[in-house]
Amino acid sequence: MEWIREILCDNTVNASTVTFRLLLSLILGIIIGGERGLRGRDAGLRTFTLIVLGSTVAMILSIWIPQIYPNFLNGDPGRIAAQVITGIGFLGAGAIVRGKGSIQGLTTAACIWTSAVIGMAVGAGLYSGAIIATALTLFVLVGTETFEQRVFHTGINRIMTIGCAITDPDVKEIKKIIEECGISTGGYTYSINYEIEECSISLKVIIKSVEDTLAVSKILKERLPYIKSINMVA
């Protein structure tokens, strides 16, 4: 359509271009946020949609100020955009959680940063770049997971929390039994409750399937009777 072609070619900030850019950023934000939401991440549909929308508005504002005030000496369109990149870093840092022997949220933090850049591209009128970047981001999130698991990790990272009815369990023996079941182990943390004479061990493991978890749970319980509970956390 002719009006769409005019909007795509129009580099000025007006009602038509602003509406189009915001609608496009809304769609792209929903696409990325939808994938995160389907995986049950805390930062999901609404979060990513708002990130893309906010970045788009910031970029539009960066362009609009020198357009409206041509004699404004400090009207650099890149100044507000640069602050968006800095500010989004704090939001991404908030998505990273370290605990129980592992670091989680790095992929979500990277998505937050990428989504902000995509929103800025839309705000600057680089529509094709924003759309292609969204498609590639979705491909990385969905299409490369299986490849990464098979080539680099041969499994899925999980945190196994083991509840023990004693305060001094043999952690080395626990890890040995788990590894005999074909599950790789990593670092661990534990907490002790002396009042009830119990402790909890959080162990980083790499599993291949849910069946592996069920099998190792059964073996641990049979060989180490003091184990009273086993939980697996993504």
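Below, all heavy atoms of this structure are taken into account, side chains as well, without hydrogens, waters or symmetry copies.
Counting all heavy atoms, side chain and backbone alike, A130 lies closest to V122 at CB-CG2, 3.4 Å. Across I63 and A124, no two heavy atoms sit closer than the pair CD1-CA, 3.8 Å. The shortest non-hydrogen separation linking I174 to P169 is CD1-CB, 4.3 Å.
When the side chains of ILVMFWY residues are joined at heavy-atom separations under 4.5 Å, either directly or via intervening members, I192 and I196 end up in two distinct hydrophobic clusters. Under the 4.5 Å side-chain heavy-atom criterion for ILVMFWY residues, no single connected hydrophobic cluster contains both I132 and I27.
Interatomic distance, I230 CD1 to I201 CD1, rounded to the nearest 0.5 Å: 10.0 Å. Note that CD1 of I131 is 12.0 Å distant from CG of L136, once rounded to the nearest 0.5 Å. Note that CZ of R21 and CG of L126 are 10.0 Å apart. Values are rounded to the nearest 0.5 Å. Interatomic distance, T137 OG1 to I31 CD1, rounded to the nearest 0.5 Å: 10.5 Å. I60 contributes atom CD1, which lies 10.0 Å from atom OG of S62 (distance to the nearest 0.5 angstrom). Atom OH of Y190 and atom CG of D168 lie 10.0 Å apart (nearest 0.5 Å).
Identified under the salt bridge (charged side-chain N to carboxylate O under 4.0 Å, His left out) test for residues 189-202, with sequence neighbours left out: E198-K228.
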Side-chain donor-acceptor pairs under 3.5 Å in residues 43-59, sequence neighbours left out?
| unit_1 | atom_1 | unit_2 | atom_2 | d |
| --- | --- | --- | --- | --- |
| T49 | OG1 | L45 | O | 2.7 |
| S55 | OG | I51 | O | 2.9 |
| S55 | OG | A116 | O | 3.4 |
| T56 | OG1 | V52 | O | 2.8 |
| T56 | OG1 | G119 | O | 2.9 |

Can you give me every donor-acceptor pair (side chain of residues 215-226, partner residue at least two apart or in another chain, under 3.5 Å) with its distance?
| unit_1 | atom_1 | unit_2 | atom_2 | d |
| --- | --- | --- | --- | --- |
| S217 | OG | T213 | O | 2.7 |
| K221 | NZ | I227 | O | 2.6 |
| R223 | NH1 | E180 | OE1 | 3.0 |
| Y226 | OH | D170 | N | 3.3 |

Go through T185 and K204 one step at a time and tell me if the side chain to side chain contact (heavy atoms under 4.5 Å, CB included) criterion holds. CA-CA 6 Å; T185 63; K204 185 176 181 180; over 6 Å; no

